[in-house]
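Scroll down for the structure; my scribbles are underneath it.
The chains referred to below are lettered A, B, ... by the order of the sequence lines, with proteins before strands, and numbering in each begins at 1.
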Amino acid sequence: MVGMAWESQGVHTILNLATSHLTRSESARFRAEVQLLPRGTSKPAAVAQTREFTSGETMRVKLQDALDMLRLAEFQGLFLVTVWPTGSHEAVEHTMETWIDYQSEDGKIYCSNPAAFYKGSARLATDRHLAYLPGAVWSDRFASRVLLVNAHDRPIQSNITLYNQEGKHVQSRMLTVPPWDHIFPILDRELMQSTPDFLSPSGIGSLVVWTRHRIPSFVAIQNNQTGVLMSFDHTMPIIEYKEPPLVN
Amino acid sequence: VRSRTKRALGVGKRVPQVAWVVEDPQRDICSRTILFHYPAVGAKHPTWVNTNRLANFDLVLYDSQGNPLLRSRETIHPYQTAVLETSDLLKRSGAKPPFHGQLFLSLHQYDWGSLRAYVHWYNNNAITSTHERAYSSKILGNHYYTVQKAVCHLRKNCEIYVALVNIDPKRSYSLEFVLQTDEGERRTSVHRAIAPNGALFTSVYDLFPNWYDVLKEGMGSIYLTNTDASLTIYYFTLNEGTQAWQAQHI
């Protein structure tokens with residue numbers, strides 16, 4: 001699993017390895033390895049293994065602890081989590097979920113986000129380059145932020161198309177996600193080459209993220225006036241239509 | 001797994017979706033449900049592309065006891081976004097807040113396409129969002145439902161809430177909530193009833209008033225032992241400092 005490691009400006013990252021709702025055996029045992037990758041490199045700054053834990057437990061990994069061991073005050077980059085079963089049982093390691101908590105010391109940032117498979121994920125999608133999210137927001141008060149995570153050796157281009165409720169759209173400038181890095185832009189005038197009025201009066205629309213190669217994308221919602229960020233979730237692939245549309 | 005999922009969901013006829021919605025001024029939380037119609041495009045089935053295609057769906061709004069309050073048929077035009085404010089649905093139904101319950105959506109098509117619903121739960125301070133979750137017990141098998149957080153472990157001025165919807169239209173359940181430590185040690189449990197199509201919204205404090213002592217300031221989780229129940233579950237964190245809600249699905 002891959003995700004953004006956010007340990008700066010008072011924000012901390014906690015990984016929650018959840019197993020018990022995904023394994024049939026309460027005594028299934030696992031071990032996990034966490035790698036911290038500085039921005040732009042696949043060479044880890046730190047590698048740590050958890051102790052063995054059962055599916056009944058909740059394994060929490062605080063990245064701050066790893067930074068303390070490395071004597072680093074701040075860190076921004078990616079983390080990779082690999083989990084494997086250690087006993088002879090029916091547990092399947094790739095079904096484990098990793099939930100990422102981002103929490104700031106002042107309480108303004110508090111959200112939980114699923115990590116994404118960067119290898120082995122299989123989802124049927126109509127177009128492998130596209131992901132969507134209903135409920136993007138852009139107003140003077142609130143704005144969505146799009147997180148793109150690139151765990152590959154090459155830069156990946158992307159753009160964001162924002163649709164208002166009436167179906168009109170604006171497109172962002174082209175973005176580049178450097179290799180083994182992430183970008184986390186906010187919807188603003190510079191990015192979208194438009195104004196928040198585009199979504200008025202509701203301030204609500206939908207966005208479609210295009211990436212040249214499929215990479216995980218997530219969307220957060222931020223209060224521009226207070227900095228409060230309490231929402232983070234993954235986008236959706238456009239699931240293929242198995243048959244021609246039924247109704248029209 | 002995919003075919004099993006689709007069979008259990010009844011995909012192939014219509015796509016069901018379930019969200020928990022709320023309009024509660026006292027708790028300072030409101031909600032809206034959002035769908036986006038991006039016509040099927042792509043290289044795989046180019047002959048099916050029809051950018052004039054309308055997306056139709058039925059909705060049913062149930063109260064927390066599982067009583068249907070509103071039935072409606074809605075249409076979304078290509079590239080448009082439908083925003084279903086819970087306050088508007090309540091006005092149409094004649095009901096008044098405080099309210100919480102199930103919003104059931106049934107798409108008139110074989111698969112989601114781009115019409116997976118997302119929900120905003122919001123107040124003046126923040127918006128939090130995640131997607132609907134219409135999972136049948138047939139998909140989960142005998143796996144547990146687990147709420148990872150029983151306590152807010154970084155800051156103590158937060159409270160965790162759990163919102164559940166019983167998506168089974170015929171069976172009621174006595175749900176067993178178990179509070180356990182991170183080490184998997186089961187400490188205490190409590191039962192709550194949920195009606196067919198009904199909903200439950202409760203805080204960890206209401207479920208376990210002594211949770212702080214039971215967990216000895218440690219972290220913990222809650223899980224439900226009802227592995228046969230078809231439930232949609234979200235958990236919420238109310239930050240008392242910022243008065244903002246944070247939500248995520250299970």
For this session: Specify the closest pair of heavy atoms between A:Ala32 and A:Phe53, including all atoms of both residues, with the distance to one decimal.
Result: N-CE2, 4.1 Å

For this session: Using non-hydrogen atoms and a 4.5 Å limit, figure out which bit of B:Trp245 sits close to chain A: side chain, backbone, both or neither.
Result: backbone

Exercise. Hey, which of B:Val119, B:Asn124, B:Leu35 has the most heavy atom pairs under 4.5 Å with chain A?
Worked result: B:Asn124

For this session: With a 4.5 angstrom heavy-atom cut-off, could you sort out which part of B:His131 is near chain A: side chain, backbone, both or neither?
Result: both

Problem set entry | A:Ile109 side, atom CD1; A:Gln222 side, atom CD - distance, nearest 0.5 Å | 7.0 Å

For this session: Please flag which part of B:Thr242 lies under 4.5 Å from any non-hydrogen atom of chain A: side chain, backbone, both or neither.
Result: side chain

Problem set entry | Six-ring centre of B:Tyr234, B:Arg133 cation under 6.0 angstrom, axis tolerance 45° | no

For this session: Find out whether B:Tyr161 and B:Tyr235 are in side-chain contact, i.e. whether some heavy atom of one side chain is under 4.5 Å from a heavy atom of the other.
Result: no

Problem set entry | A:Val208, part contacting chain B, at a heavy-atom distance under 4.5 Å | side chain

Exercise. For the candidates A:Val219, A:Thr226, A:Leu229, A:Ile204, which exhibits the highest count of non-hydrogen atom pairs separated by less than 4.5 Å from chain B?
Worked result: A:Ile204

Problem set entry | Selection from A:His169, A:Arg141, A:Gln225, A:Lys168 maximising heavy-atom pairs under 4.5 Å formed with chain B | A:Arg141

Seminar exercise, completed: Ranking B:Ile76, B:Ile127, B:Val83, B:Thr33 by heavy-atom pairs under 4.5 Å to chain A gives rank one to B:Ile127

Problem set entry | Nearest heavy atoms of A:Glu7 and A:Leu63, plus distance in Å | OE2-CB, 3.7 Å

Exercise. Do NZ/NE/NH1/NH2 and the carboxylate oxygens of B:Arg186 and B:Glu176 come within less than 4.0 Å?
Worked result: yes

